[in-house]
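Report on the following structure.
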Amino acid sequence: MRLRFAPSPTGAIHIGSVRTILYNYLFARQRGGVLILRVEDTDQDRLVAGAIESIYDGLHWVGISWDEGPHEGGPHSPYVQSERLPLYQGHAQELIDKDAAYYCFCSKERLAVLRAEQEARHELTRYDRHCRFIPVEEAAERAKKEPHVIRLKVPDEGTLAIEDLVHGHIEWQASTIEDQVILKSDGFPTYHLAVVIDDHEMGITHIMRGEEWIASVPKHLLIYRAFGWEAPPMAHFPSVLGPDGKRLSKRHGSTAVSQFRDDGYLPEALINYLALLGWSPGTEEEVFSMDDLVRVWKIEQVQSAGGKWDKERLDYFNGVWIRKLSVDELVRRLEPFVPAEWDRAVLKKIAPHIQERMKTLKDARELIRFLFTDDIGFDKRLLIPKKSDRLTTLEALARARAVLGEIEPFVATNIEPALVGLATGLGWSKGDLNGVIRMAITGRKVGPPLYESLEVLGKEKSLKRIEKAQELLAGGPD
RNA sequence: GGCCCGUUCGUCUAGUGGCCUAGGAUGCAGCCCUCUCAAGGCUGAGAUCAGCGGUUCGAAUCCGCUACGGGCUACCA
């Protein structure tokens with residue numbers, strides 16, 4: 001069993017492609033199959049430098065591996081189509097020899113005019129087979145010196161069909177298919193020729209790709225037939241859609257996998273979410289690791305309709321996976337999201353207290369900033385609880401400083417009873433008192449639990465911040 | 001326009017002829033817990049299963065038509 005994923009090096013890998021690749025991966029891995037990464041770079045105009053590396057990066061980050069590919073090598077090297085040109089050219093020639101294809105000398109200009117005329121007459125915009133009937137010898141002669149492409153000679157009659165693994169039976173009338181270009185004038189094959197040849201040569205046993213390819217299946221079938229090859233079983237997965245129901249693209253925001261890493265998403269969460277977008281286990285479980293998926297995913301349960309990208313749901317899964325991390329692991333994952341100069345020992349102490357408060361790893365920074373900088377400027381009016389006033393608050397601050405100053409050791413379990421006692425003494429609610437202190441030491445209304453925050457901040461700094469809050473509040477009118 | 005694919009709560013989905021007065025999750029609302037925010041627990045609103053016609057004792061599930069959405073219609077993949 002051999003499966004392939006075949007991205008084009010036109011930029012960072014798209015999140016929708018990752019879903020397709022994931023399904024290929026799950027299918028192959030659960031059956032002990034071999035996975036192949038093949039780079040489809042037959043469009044020289046769309047190449048983007050560094051794209052192959054970013055494909056490697058992105059896929060490795062989400063935890064997808066493969067066995068044969070451009071860097072891995074393998075029995076069918078090379079795995080980059082631009083390095084396999086002679087193979088395609090030879091096969092295109094074979095198709096001509098078998099009368100399944102023909103030379104076409106039409107210029108792009110003629111094609112453009114043809115199309116414009118057809119449109120004006122509200123006709124089908126299709127190649128008019130102008131070159132199809134040039135005598136073979138003459139065409140071969142002209143091909144030696146004139147620029148040309150090679151087109152597939154599509155029969156006028158007949159039916160082409162597949163039993164798609166997700167859609168079931170699909171069929172086409174040959175008469176509705178165009179004489180597709182299979183070899184371009186620059187000597188490069190089009191996708192249609194290259195994919196058929198490579199899938200066959202590389203011994204691919206199952207073709208699984210996005211549903212946008214369904215329409216070109218009949219052309220591929222014709223090519224298989226002309227070579228006398230058998231087309232492998234195919235599965236076309238539904239698209240990942242944007243909020244407007246159209247296929248997810250850059251118009252809907254960034255779709256690059258690397259962007260999700262940078263935004264603080266866990267690969268576990270992304271995979272979990274993506275797996276469920278288009279597939280369902282049929283049970284009420286929904287949290288799955290990659291290993292779980294390899295076990296339970298089934299192609300029979302893949303959805304045939306497209307699914308809209310739902311960031312809220314991704315966020316939920318990210319929270320789930322963040323909470324599943326051990327503290328050490330969480331600290332490791334947080335590494336790229338906090339400044340290098342922040343003390344890692346402090347980070348580790350506060351980590352368990354922010355773990356269930358993060359939607360993304362990116363959220364940590366703001367949550368714990370107060371531990372690493374004294375620059376927590378805030379509006380002094382925020383210090384005063386709703387039903388209180390400046391003097392009373394000042395008093396509370398002073399008492400808090402005194403109470404906290406006596407705590408030894410300065411740990412949450414000691415801080416809590418002390419502050420609870422103080423609140424009672426003051427006739428304040430615990431919430432009001434804690435709110436004032438939280439504002440004084442963090443500069444924010446919300447944050448990690450207060451007693452733990454004080455402990456991690458340390459006695460000295462805690463007292464100093466309360467003192468500063470007192471000064472701030474004392475200094476002048478509201 | 002042509003060809004093809006699709007259509008169950010806002011969203012992701014369960015459902016393969018009776019268990020469906022349609023289940024779960026997310027999001028939303030409320031309550032509980034609670035030092036804030038979260039997390040967690042509970043409750044609730046939310047889908048005449050796109051519409052119509054047929055098959056059947058019985059249809060979200062099978063068939064047909066229509067509507068709507070999407071993909072393809074390049075010397076792009």
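So you know, we letter chains A, B, ... as the sequences are listed, proteins then strands, and number each from 1.
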Taking atom P in both B:A14 and B:C62, what distance in whole Å separates the two?
14 Å
From the candidates B:G71, B:U26, B:A39, the one with an atom nearest any side-chain atom of A:Arg313 is B:U26
Query raised in the report: Is there side-chain contact between A:Arg225 and A:His220, with heavy atoms separated by less than 4.5 Å?
Result: no
Over all strands shown, is A:Val149 touching base, sugar-phosphate only, or nothing at heavy-atom distances under 4.0 angstrom?
base
When all nucleic acid strands are considered with a 4.0 Å heavy-atom cut-off, which category describes A:Pro243: base, sugar-phosphate, or nothing?
nothing
Determine the Euclidean distance between corresponding P atoms of B:G1 and B:G23; express it in Å to zero decimal places.
-> 39 Å
In numerical order, the residues of residues 275-284 of chain A whose heavy atoms come under 4.0 Å of RNA chain B are A:Leu276, A:Leu277, A:Gly278, A:Ser280, A:Gly282, A:Glu284
Side-chain contact check for A:Ala305: nearest option of B:C4, B:U7, B:C35 is B:U7
**Message:** Whether the A:Tyr451 and A:Asn434 side chains hold a donor-acceptor pair (N or O, under 3.5 Å, no angle test) is what I'd like checked.
**Reply:** yes
Checklist entry - Within the pair A:Lys184 and B:C76, is there a side-chain N or O less than 4.0 Å away from OP1 or OP2? => result yes
- Task: Scan A:Ser429 against the nucleic acid and name what it touches under 4.0 Å (heavy atoms): base, sugar-phosphate only, or nothing.
- Result: nothing
Winner on side-chain proximity to A:Glu356, out of B:C35, B:C3, B:A38, is B:A38
Here the distance between atom P of B:U73 and atom CD of A:Glu212, to the nearest Å, is 11 Å
Counting just side-chain N and O atoms, does A:Lys108 come under 4.0 Å of either OP1 or OP2 of B:C75? no
**Report entry** C1' spacing across the pair B:U56 / B:G18, given as an integer number of angstrom
**Finding:** 12 Å
May I ask you to verify if any side-chain N or O of A:His167 is less than 4.0 angstrom from the OP1 or OP2 atom of B:G6? yes
When rounded to whole Å, the OH to C1' distance for the pair A:Tyr191 and B:C76 reads 12 Å
What distance, rounded to whole Å, do you find between the two P atoms, one in B:G6 and one in B:A39? 38 Å
Winner on side-chain proximity to A:Ile214, out of B:C75, B:C4, B:C35, is B:C4
ask   = Under 4.0 Å between a side-chain N/O of A:Arg247 and OP1 or OP2 of B:C72, yes or no?
value = yes
Whole-Å distance, A:Lys324 NZ to B:A39 C1', equals 15 Å
ring-ring contact (aromatic ring centres under 6.0 Å, His included) filter on A:Phe188, not counting sequence neighbours, yields none
In Watson-Crick or G-U wobble terms, with both distances under 3.5 Å, the base opposite B:C3 is B:G71
| Would you say A:Arg115 reaches B:U73's phosphate, i.e. side-chain N/O to OP1/OP2 under 4.0 Å? | no
**Request:** Mind checking A:Gly307 for me? I need base, sugar-phosphate or nothing, with any heavy atom below 4.0 Å counting as a touch.
**Result:** sugar-phosphate
Does a side-chain N or O of A:Gln303 approach OP1 or OP2 of B:A14 to a distance below 4.0 Å, or not? yes
- Task: Just call it for A:Asp43: base, sugar-phosphate, or nothing, with non-hydrogen atoms closer than 4.0 Å on any strand.
- Result: sugar-phosphate
Checklist entry - With a 4.0 Å cut-off, would you call A:Arg151 and A:Asp179 a salt bridge? => result no
Look at all strands and tell whether A:Glu171 reaches a base, only sugar-phosphate, or nothing, counting heavy atoms closer than 4.0 Å. sugar-phosphate
*asked:* With a 4.0 Å limit, can you tell me whether A:Arg151 has a side-chain N or O closer than that to the phosphate oxygens OP1/OP2 of B:C75?
replied: yes
Checking B:A77, B:U36, B:C3 against the side chain of A:Arg46 (C-beta onward), the nearest is B:A77
When all nucleic acid strands are considered with a 4.0 Å heavy-atom cut-off, which category describes A:Gln44: base, sugar-phosphate, or nothing?
nothing
Strictly by modelled atom types, are A:Asp198 and A:Tyr79 linked by a side-chain donor-acceptor pair under 3.5 Å? no
A:Glu312 has its side chain closest, among B:C35, B:A25, B:U26, to B:U26
For B:U26, the nucleotide meeting Watson-Crick or G-U wobble distances (both under 3.5 Å) is B:G10
task = Would you mind checking if A:Lys308 and A:Asp244 are paired as a salt bridge, meaning a charged N to carboxylate O distance below 4.0 Å?
result = no
**Prompt:** For A:Tyr451, which contact category applies under a 4.0 Å heavy-atom criterion: base, sugar-phosphate, or nothing?
**Reply:** base
Checklist entry - Taking only side-chain nitrogens and oxygens of A:Ser304, does any of them come within less than 4.0 Å of OP1 or OP2 of B:C5? => result no
> Rounding to the closest angstrom, what is the interatomic distance between B:G41 and B:G24 at atom P?
Replying inline: 14 Å
Requested in this report: Using a heavy-atom cut-off of under 4.0 Å over every strand shown, decide if A:Trp213 touches base, sugar-phosphate, or nothing.
Outcome: base
Practice prompt. Under 4.0 Å between any heavy atoms, over every strand shown, what does A:Leu450 touch: base, sugar-phosphate, or nothing? Just pick one.
Written response: base
note: A:Asn434, atom CG; B:C37, atom P; distance rounded to Å ~ 12 Å
Discussion item. Taking B:G10 as the reference, what is the distance to B:A50 when you measure between their P atoms (whole Å, please)?
Written reply: 13 Å
Margin query: Once you apply a heavy-atom cut-off of 4.0 Å, does A:Thr125 come out as touching a base, just sugar-phosphate, or nothing?
Written below: sugar-phosphate
Under 4.0 Å between any heavy atoms, over every strand shown, what does A:His122 touch: base, sugar-phosphate, or nothing? Just pick one.
nothing
- prompt: Would you say the side chain of A:Thr176 and the base of B:C3 hold a donor-acceptor pair, judged only by whether the two atoms sit under 3.5 Å apart?
  reply: no
The nucleotide from B:C35, B:C75, B:A77 with an atom nearest the side chain of A:Thr42 is B:A77
In whole angstroms, the gap separating C1' of B:U13 from CG of A:Leu241 amounts to 15 Å
Separation of B:U26 atom P from A:Lys311 atom NZ, nearest Å, is 16 Å
> What interatomic distance, in whole Å, is found between C1' of B:C72 and the corresponding atom of B:G58?
Replying inline: 41 Å
Margin query: With rounding to the closest Å, how many angstrom separate the C1' atoms on B:G71 and B:C28?
Written below: 33 Å
Within 45° of the ring axis of A:Phe105 and under 6.0 Å from its six-membered ring centre, is that where the NZ or CZ of A:Arg142 lies? yes
